[in-house]
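Single-structure report; data block below.
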Amino acid sequence: MSDPSRPVRTAAVIPAAGRGVRLGPGTPKALRTLGGTPMLVHAVRAMAASRAVSLIVVVAPPDGAAEVGRLLHEHPLAERTDLVVVPGGQTRQESVQLGLAALPDTIEVVLVHDAARPLVPADTVDAVVAAVRAGAPAVVPALPLADTVKQVEPQPPGTPEPVVGTPERALLRAVQTPQGFDLATLRKAHDIVVEGEGATDDAGLVERLGSPVVVVPGHEEAFKVTRPLDLVLAEAVLARRRATDGYV
Ligand code: C5P
């Protein structure tokens, strides 16, 4: 699939190795369908829709790389985007690391995008890439919060949790993907930060390096499909796009 004569600069790594337990029992989350097409295929197309992205690395469930490879073969991309599938790990951090290991040295900018955010618009992807190319080592799309957030002291299920603080809502952002990075910076962050130290996204690892991370506007359609209700919303967004934008 690759054309070795063409320089590749921006790649997207899509961790898709999670089981998706919160969505209920069944197929791994990334392989569940939205409007008849696997969620992962939507996520891959969303990255390929950005003209900047010339290589996509999909990180598949450890025992499902062949199946994912077959699936993506059945849903081909336009010629200009190369696609590689690698097996993932036990945690998201490990899966991303395995994806980064598959990138050639020609890559300078990398996006990390959750397969669980299948409907992120191309404009959001482009805005993240542009901010990295403009010199920011780490860029995250994010939205202001609608809900007030409480910090609590966690208790066993059934026991009310004491509130220990209320961060000022105007200062908080809900972070989405794709998160964009200077590849050398993200590799360093993954090498240095030990698994289990509580970083729930890639930018969090870069923050621990002491490197700056900036936020650009996210998009409400870049939400993460986590719980059953999210599937209902995703189907509705997809149906609207198909009716009005000719989206496949
Ligand atoms: O579990 P969560 O919703 O945070 O997962 C975010 C993304 O990380 C999903 O796309 C999921 O498939 C991926 N993941 C992974 N490897 C794991 C766990 C999660 O690639 N071991």
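Both ligands and their constituent atoms are indexed starting at 1 by order of listing. Only heavy atoms go into these numbers, but all of them, side chains included; no hydrogens, no water, no symmetry mates.
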Checking Thr106 side chain against Arg9 main chain: does a donor-acceptor pair fall under 3.5 Å? no

Is Leu98 reachable from Phe181 through a run of I, L, V, M, F, W or Y residues, each pair having side-chain heavy atoms under 4.5 Å apart? no

Are the charged groups of Lys150 and Glu161 less than 4.0 angstrom apart, N to O? no

I'd like to know if the side chain of Glu153 reaches the main chain of Val164, judged simply by a donor and an acceptor atom lying under 3.5 Å from each other, with no hydrogens or angles considered. no

Heavy-atom nearest neighbour in the protein, as seen from atom 4 (O) of ligand 1, with distance rounded to 0.1 Å: Lys224 NZ, 3.2 Å

Any idea which heavy atoms bring Leu34 and Met39 closest together, and the distance? CD1-CG, 4.1 Å

How far is atom 11 (C) of ligand 1 from its nearest protein heavy atom, and which residue and atom name does that atom have? Gly18 N, 3.6 Å

Are any of the heavy atoms in Ala116 under 4.0 Å away from ligand 1? yes

Heavy-atom check, side chain of Met47 versus side chain of Val125, under 4.5 Å: yes

Measure the distance from atom 9 (C) of ligand 1 to every protein heavy atom, then report the residue, atom name and distance (to 0.1 Å) of the closest one. Pro15 O, 3.7 Å

Thr226 N/O under 3.5 Å from ligand 1 N/O: no

With distance as the sole test, does Arg32 use its side chain to make a donor-acceptor pair with the main-chain N or O of Leu231 at under 3.5 Å? no

Around atom 20 (O) of ligand 1, find the nearest protein heavy atom and jot down its residue, atom name and distance. Ala17 N, 2.9 Å

Contact between Thr91 and ligand 1, counting heavy atoms under 4.0 Å? yes

Counting non-hydrogen protein atoms only, what is the nearest one to atom 1 (O) of ligand 1? Give residue, atom name and distance. Arg22 NH2, 3.4 Å

Protein contact to atom 7 (C) of ligand 1 [nearest heavy atom, distance to 0.1 Å]: Asp114 OD1, 3.3 Å

Does the side chain of Arg133 pick up a donor-acceptor pair with the side chain of Thr10 at under 3.5 Å? yes

Nearest protein heavy atom to atom 16 (N) of ligand 1, by residue and atom, and its distance? Ser95 OG, 2.7 Å

With a 4.0 Å cut-off on heavy atoms, does Gly88 reach ligand 1? no

Near Ala115 (heavy-atom distance under 4.0 Å), the atoms of ligand 1 are 10 (O)

Ligand 1 versus Lys29: contacting region, heavy-atom distance under 4.0 Å: side chain

Would you call Arg92 and Asp202 a salt bridge, taking side-chain N to carboxylate O under 4.0 Å as the test? yes

